[in-house]
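All remarks here apply to the structure that follows.
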There are 2 protein chains.
Amino acid sequence: MKRVYIEELGRHVGEEVLLQGWLYNKRSSGKIRFLLLRDGTGVVQGVMMKGAVPEETFVKFDDLTQESSFALRGKVRKEDRAPGGFELEVSDVTVYAIAKEYPITPKDHGVEFLADRRHLWLRSSRQHAIMRVRHRIIKAIRDFFDDRGFTLIDSPVLTPAACEGTSTLFETEYFDLGKAYLTQSGQLYAEAGALAFGKVYCFGPTFRAEKSKTRRHLSEFWMVEPEVAFADLNDDMDLAEEFLEYIVQSVLKDRAPELKALERNISFLENVKRPLPRISYDEAVAILQSKGLPFEWGNDLGGTDETVISEQFDRPVMVHRYPSQVKAFYMKRDPNNPKVALAVDVLAPEGYGEIIGGSQREDDLDVLLERIREHNLPQEAFEWYLDLRRYGTVPHAGFGLGVERTVAWICGLDHVRETIPFPRMIYRLTP
Amino acid sequence: MKRVYIEELGRHVGEEVLLQGWLYNKRSSGKIRFLLLRDGTGVVQGVMMKGAVPEETFVKFDDLTQESSFALRGKVRKEDRAPGGFELEVSDVTVYAIAKEYPITPKDHGVEFLADRRHLWLRSSRQHAIMRVRHRIIKAIRDFFDDRGFTLIDSPVLTPAACEGTSTLFETEYFDLGKAYLTQSGQLYAEAGALAFGKVYCFGPTFRAEKSKTRRHLSEFWMVEPEVAFADLNDDMDLAEEFLEYIVQSVLKDRAPELKALERNISFLENVKRPLPRISYDEAVAILQSKGLPFEWGNDLGGTDETVISEQFDRPVMVHRYPSQVKAFYMKRDPNNPKVALAVDVLAPEGYGEIIGGSQREDDLDVLLERIREHNLPQEAFEWYLDLRRYGTVPHAGFGLGVERTVAWICGLDHVRETIPFPRMIYRLTP
């Protein structure tokens with residue numbers, strides 16, 4: 001008999017099937033025994049009636065502990081009251097392994113207790129829902145760029161130069177070549193890619209050795225970074241809003257049950273449609289000051305500032321043209337006002353903060369050399385990057401989106417630690 | 001006028017369009033000037049006739065150096081003799097930036113010269129073809145698993161324990177938690193995922209600090225690792241052959257022009273269809289000995305051995321049931337012959353060697369504990385992994401496929417350094 005998965009049961013109503021999985025829960029009521037089996041694609045209830053199955057099958061119910069592995073044979077029945085819409089009339093039970101006393105029980109556990117058992121915690125329906133949303137987000141990201149003619153140009157994790165100071169970089173010895181640093185961003189490599197392929201993206205893990213212990217920071221997180229030749233800041237914002245709409249609408253379309261399981265209020269997500277509001281940094285400052293916040297022009301936006309601004313809008317808001325002093329050396333300055341950079345941050349609603357940061361890049365060789373000197377960066381380490389301005393420089397722009405913050409926002413989680421299978425934080429490197 | 005990409009020209013025949021890109025080459029013949037423009041999606045020839053365009057447009061031809069950035073306006077004409085099937089009757093030329101003398105010229109350069117200029121070398125038609133094949137392979141990998149109900153479970157790069165000795169691991173200080181090591185494989189994490197989600201895959205960069213300088217080794221490379229609960233070695237081989245067929249046929253279908261540009265003999269690729277031959281290690285040994293090679297049962301297969309074996313077949317060959325002494329501690333031994341492990345390696349044809357390594361995993365807690373002791377591994381570091389056998393253990397199996405070796409094989413390259421945008425090797429960490 002062919003084994004089927006729980007998510008396929010709808011195609012097998014009235015048929016005898018084999019299901020394999022683990023005991024999620026069990027209960028008995030008089031002469032009926034209910035076995036809840038999970039198989040990674042869903043949970044289904046198997047029903048056994050005393051007398052309807054052989055006694056030696058019926059008593060296997062007693063042996064099965066939580067997370068024991070077993071198989072059920074039986075007929076699929078449509079049952080609208082059941083969680084997935086189906087249940088199984090059990091005809092046979094095969095036990096593979098009886099689990100020892102499972103440490104995660106329905107009672108409340110502290111988050112550190114669960115994080116120490118992340119390899120087991122992933123089996124819970126909540127983590128299951130989050131990981132399925134994460135997967136859908138990642139697939140939407142890749143599909144979006146693949147469908148629009150972007151070429152994937154993976155950037156390296158191991159990089160030679162500590163471009164912006166070593167304090168927030170993980171370093172490692174690299175054979176006889178000295179130290180290598182774990183990448184914080186693939187952008188400079190993506191720029192080389194854009195001038196070779198027109199439109200590219202890189203997408204991989206990135207690293208920050210920041211000693212910050214907040215609900216928004218991981219030391220290892222995934223970031224996607226598109227980069228487009230012959231694009232300016234407006235093109236960059238057009239791309240970012242189309243991209244966010246596509247991600248959110250894909251999740252809403254295909255992961256509604258998971259969002260429901262997470263008790264996510266999806267009204268904010270349904271609003272994520274173009275056009276997204278675009279305000280300048282100056283306008284953002286005016287909002288903060290009108291709310292009585294003592295914010296001065298020239299500072300970067302802090303977490304609270306971002307929350308206050310995002311609360312003025314019913315969808316993500318794009319804030320553009322930040323003071324150049326708070327932005328990176330490679331960002332092009334606005335020709336109409338050199339005090340600001342042609343940068344954009346996209347702030348998620350509901351206090352989730354910055355999920356996208358991007359800019360038009362400085363494409364003039366001499367200006368870029370001046371910026372490198374101003375920032376006291378080692379020019380030699382950037383010679384290859386400067387080559388991109390020596391040989392066929394063009395206006396170009398791009399942005400980065402952090403996957404884990406996006407997962408946290410779309411799932412409505414209050415901490416990024418649940419957004420990645422095995423989180424790495426200042427105080428956590430295990431399991 | 002809307003800007004179009006060269007790959008879209010077929011939809012604009014007879015229309016006036018704007019193309020933006022870089023000078024790939026130019027030539028003149030009497031009163032005609034030819035400008036070859038590349039834009040990352042292709043190369044097209046723009047044609048200008050003296051007298052047909054204003055003189056100030058016509059003379060821009062003289063200024064343009066290789067890799068200068070410029071735009072062409074003109075009418076799209078079908079031209080079967082042109083490389084992409086179209087050419088442009090130029091009506092206007094806009095120059096953005098004149099490139100300095102481009103270091104990569106049509107003459108032959110040494111590979112180190114090119115590798116030092118990887119950020120520019122990527123613009124060549126050969127690297128363009130390779131990167132487009134690489135992208136298609138990666139997309140095929142993800143589509144294959146996504147379409148078959150696998151859940152993506154990203155494994156961490158930063159890992160706590162040096163499971164199999166530190167000699168081939170990159171290490172870094174991790175805040176106050178001691179050392180962290182860059183992952184060599186996500187498999188153990190994928191196993192945790194399989195017991196939570198049934199079928200999973202992880203796919204990301206992996207690292208080997210091996211001091212080997214061969215044409216098959218990178219210190220940073222991408223690996224995809226599926227893992228399936230309730231699967232044995234045969235299921236694993238079924239999955240591997242379906243997977244390889246899918247990847248190769250996807251590339252043949254969508255990247256024929258690129259394979260042609262690489263002068264790839266595709267007859268070996270067309271053969272990659274199920275079923276793939278399956279031979280035991282014992283049979284492999286018999287082949288080697290019949291060829292007069294002094295190979296002794298019990299040794300691992302070397303590169304030459306793999307080449308000799310693969311030459312006996314017209315498509316990839318699966319070699320299964322290796323001596324357990326040459327295989328990892330987590331591989332399950334064959335109950336019919338404990339001297340061999342339920343492992344499989346898939347060898348690519350034409351001397352490309354192992355591209356897949358997999359196995360059924362040891363699912364018995366006590367046996368696994370014994371293996372950990374035999375291999376002198378620190379049990380404490382594996383407690384979480386052992387939990388997977390304590391709580392609901394099931395037969396399970398998986399494999400890993402290295403992306404760069406697969407790209408090298410499918411493209412027919414003789415070195416893996418060209419298979420990844422920015423290769424990292426024992427003697428190369430730049431650009």
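In what follows, every chain begins at residue 1, and chains take the letters A, B, ... in the order their sequences are listed.
- Of the listed residues (A:I138, A:T41, A:T65), the one with the most heavy-atom contacts under 4.5 Å to chain B is A:I138.
- Looking at B:A194, the atoms closer than 4.5 Å to chain A (heavy atoms on both sides) all sit in the backbone: N, CA, C or O.
- Highest contact tally toward chain B, considering only A:Y102, A:F207, A:Y174, is held by A:Y174 [criterion: heavy-atom pairs under 4.5 Å].
- Classified by interplanar angle (parallel below 30°, tilted 30° to 60°, perpendicular above 60°), the ring pair B:F230/A:Y96 is tilted.
- Contact tally against chain B (heavy-atom pairs below 4.5 Å) for A:R132, A:Q66, A:K199: the top residue is A:K199.
- In this structure a side-chain-to-backbone donor-acceptor pair under 3.5 Å is present from B:R424 to A:L158.
- Side-chain N or O atoms of A:T172 include none that pairs as donor or acceptor with a backbone N or O of B:T172 at under 3.5 Å.
- A:W384 places no side-chain N or O within 3.5 Å of a backbone atom of B:P431 that could act as its donor or acceptor partner.
- Between chain B and the options A:E7, A:K139, A:R117, the largest number of non-hydrogen pairs under 4.5 Å is found for A:K139.
- Side-chain contact between B:W22 and A:V394 is present, with at least one heavy-atom pair separated by less than 4.5 Å.
- Of the possible donor and acceptor atoms, one in the side chain of A:E220 sits under 3.5 Å from a partner among the backbone N and O of B:V157.
- Looking only at distances, no side-chain donor or acceptor of B:R134 sits under 3.5 Å from a matching main-chain atom of A:L152.
- With chain B as the partner, the residue from A:R136, A:E8, A:E101 showing the most heavy-atom pairs under 4.5 Å is A:E101.
- Of the listed residues (A:D176, A:L177, A:I420, A:I426), the one with the most heavy-atom contacts under 4.5 Å to chain B is A:I426.
- Only the side chain of A:R38 has a heavy atom closer than 4.5 Å to any heavy atom of chain B.
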